[in-house]
Amino acid sequence: GYKYCINILNEGRIGIAAQQIGIAKGCFDIAMPYLNDRTQFGTKLADFQGMEHQYAQIATEIHAAEVMTYNACRMKENNIPFVKEASMV
């Protein structure tokens, strides 16, 4: 029973990760036009170096999470042990 429950938990982690990545992408897609439209001190917010670093970091983290989730899915579908990968996403 325990092994069966843990396996379901690990599979569920992949699904939850996919949902959260979708939410993060949606938030990012809403925020970027705002950063390009909003001006402060006569400059778009997106053009400030500090903001560029922040949204580049967020985009990188979203992409990394997406790739890790796809990898965990691939491993699960090919019956390769994926516990570590499911825990990372």
- Task: List for me each residue that meets side-chain contact (heavy atoms from CB on, under 4.5 Å) alongside Ile23, sequence neighbours excluded, and say none if there are none.
- Result: Gln20, Cys27
- Across all chains, not counting sequence neighbours, the side-chain contact (heavy atoms from CB on, under 4.5 Å) partners of Glu52 are Gln49, Tyr55
- Query: Rounded to the nearest 0.5 Å, how far apart are CZ of Phe28 and CD of Glu61?
  - Reply: 11.0 Å
- Here the pair of heavy atoms bringing Met75 nearest to Pro81 is CE-O, 3.0 Å
- Of all pairs that satisfy side-chain hydrogen bond (donor to acceptor under 3.5 Å, both in side chains), the ones with a partner from residues 28-42, not counting sequence neighbours: Arg38-Gln40
- Query: Looking only at heavy atoms, what is the nearest atom pair of Ala72 and Ala86, with distance?
  - Reply: CB-N, 4.3 Å
- Query: So which residues get pulled into Ile8's cluster when ILVMFWY side chains under 4.5 Å apart are joined, directly or through others?
  - Reply: Tyr4
- Message: Hydrophobic clustering (ILVMFWY, side-chain heavy atoms < 4.5 Å, transitive) - are Met32 and Ile58 grouped together?
- Response: yes
- Note on the structure: Hits for side-chain hydrogen bond (donor to acceptor under 3.5 Å, both in side chains) against Gln54, two or more places apart or cross-chain, chain-then-number order -> none
- In short, Ala18 meets Thr69 closest at the heavy-atom pair N-CG2, 4.2 Å
- Listed partners of Thr43 passing side-chain hydrogen bond (donor to acceptor under 3.5 Å, both in side chains), at least two apart: none
- The side-chain hydrogen bond (donor to acceptor under 3.5 Å, both in side chains) partners of Asn71 (sequence neighbours excluded) come to Arg74
- Item | Residues clustered with Met68, ILVMFWY side-chain links under 4.5 angstrom | Met88, Val89
- Do you know which two heavy atoms are closest between Cys73 and Ile14, and how far apart they sit? SG-CG2, 3.2 Å
- Using links of under 4.5 Å between side-chain heavy atoms of ILVMFWY residues, direct or through other members, which residues join Ile30 in one cluster? none
- Note on the structure: Residues passing the side-chain contact (heavy atoms from CB on, under 4.5 Å) test with Phe41, sequence neighbours excluded, are Phe48
- Message: Could you report the tightest heavy-atom contact between Ser87 and Arg13, atom names first, then the distance?
- Response: OG-NH1, 2.9 Å
- Task: Output all residues satisfying salt bridge (Lys or Arg N to Asp or Glu O under 4.0 Å) with Lys25, sequence neighbours left out; order by chain, then residue number.
- Result: Glu66
- Message: I'd like to check the side-chain hydrogen bond (donor to acceptor under 3.5 Å, both in side chains) partners of Gln19; sequence neighbours left out, ordered by chain and number.
- Response: none
